[in-house]
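Report on one structure; see the data block that follows.
Order of listing sets the numbers, starting from 1, for every ligand and every atom in it. Just so it is clear, the values below take in all heavy atoms, side chains as well, and ignore hydrogens, waters and symmetry mates. Note that the structure is a prediction, hence the values are computed from the model and not measured.
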Amino acid sequence: MFATSLNPLPVDLSRIRPTIQALQPALVELRRRLHQRPELGFREHLTSELVAQNLHEWGIEHETGIAKTGIVATIRGSKPGPVLAIRADMDALPIQEENDVPYRSQHDGVMHACGHDGHTAIALFTAYYLANHPEDFAGTVKIIFQPAEEGPGGAKPMIEAGVLKNPDVDAIIGLHLWNNLPLGTVGVRSGALMAASEGFRCTIQGKGGHGAIPQQTVDSILVSAHVVNALQTIVARNVSPLESAVVTVGELHAGKALNVIADTAKMSGTVRYFNPELGEIIPRRLEQIISGVCQSHGASYELDYWRLYPAVINDAGIAELVRSVASNFVETPAGVVPECQTMGGEDMSFFLQAVPGCYFFLGSANPIKDLAYPHHHPRFDFDETALGIGIEIFVRCVENFCR
Ligand code: NI
């Protein structure tokens, strides 16, 4: 049943593409409507409503209210066959938009600064295309509109709600518009694409006192300075130089006056890695270091460590399906980019742990149009030409997999 054992279908550019190009104005309009009304995780009510309303108008079977605001649309091909899922995230970020465009965010302090408005539009119009061309594929396509990717994570509750069951999903694909790649390119690779994302918070308890009488104190600032330094030895000395990992202390708060030795210091940080084995090694070393440094200075500590998202690991076969589809029609010299890993995290990883699949990056930057700001920037925006390319890749993956 799996496409990996099949030869890719011949690419006929006179098919599919003109139909998708004709959808472009409606696609852009929908994306801009979503962009104007961004909503934070698990509060995507207007977004979800708009998606459901379109699916309803188009006569596409769908279920709403999954994991609060999630939706699953089901589209059946003309004959029985495998089940492919396509996943899109719908949430926005707590950022004040600084773009001066007619479709700028109308929700104060909330912005689609990561392109999830585009993901939703691509997935919705992929549903529209497939529903109008059931003769082009066998089996079933499930389109999963997911809440809260930016945190605390909508993928896991959707899986727990059974979105990969009945009919059981054989494979899943998904994309992220990517301003780190130029428009017309696709970043896809087998194996690790994005890193596991974990966090920690640590309170170091010393003993406060007079800034000029240190011998009576345990200086929590000095202890935490040693901790911050020593934590960097994890990546330098406990991780193979051939592996990738990051330990970042992003917050450090201590002290209130220049002549007072602070009794407590609080720090928090993030840990990223690809290799699941590091998921055991890094937290263990982190605690050993904090514990050892604190003990040697007579301080105590409290440590809270949590795992947010596992690494995004692509299945070799499905990644090859996406790569072969993309390489057949991406026309720029850069083409398909295999070196596209990032230490960013994504809860698509939970879907990829449950079923084989592939997450890929769809190049969306266009510096000529000043559309190249990084993701999560208040001036982030992308070239909307990418939307149609996204639909075409999805549709061609469906045709190749579902036959
Ligand atoms: Ni994102």
Short N/O/S contact of His119 with the Ni ion (ligand 1) (below 2.8 Å):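 Checking the Ni ion (ligand 1) against His119, no N, O or S atom falls under 2.8 Å.
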For the Ni ion (ligand 1), decide whether His116 has an N, O or S atom at a distance under 2.8 Å.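 Looking at His116, which is the residue asked about, there is an N, O or S atom under 2.8 Å from the Ni ion (ligand 1).
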Please name the residue in the list Arg32, Arg31, Arg33 that meets the side-chain hydrogen bond (donor to acceptor under 3.5 Å, both in side chains) test with His35.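 Only one option passes, and that is Arg31.
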Does some side-chain heavy atom of Asn366 sit less than 4.5 Å from a side-chain heavy atom of Thr385?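 They are not in contact (no side-chain heavy atoms under 4.5 Å apart), so the answer is no.
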Check whether the ring centres of Trp58 and Tyr129 lie less than 6.0 Å apart, and answer yes or no.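 Judged by ring-centre distance (under 6.0 Å), Trp58 and Tyr129 do not meet the cut-off.
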Do you know the tightest heavy-atom contact between Ile318 and Ile172?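 Taking Ile318 first and Ile172 second, the nearest heavy atoms are CG2-O, 4.3 Å.
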Have a look at His176 and say which of its N, O or S atoms is nearest the Ni ion (ligand 1).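 The Ni ion (ligand 1) is closest to the His176 atom NE2, counting only N, O or S.
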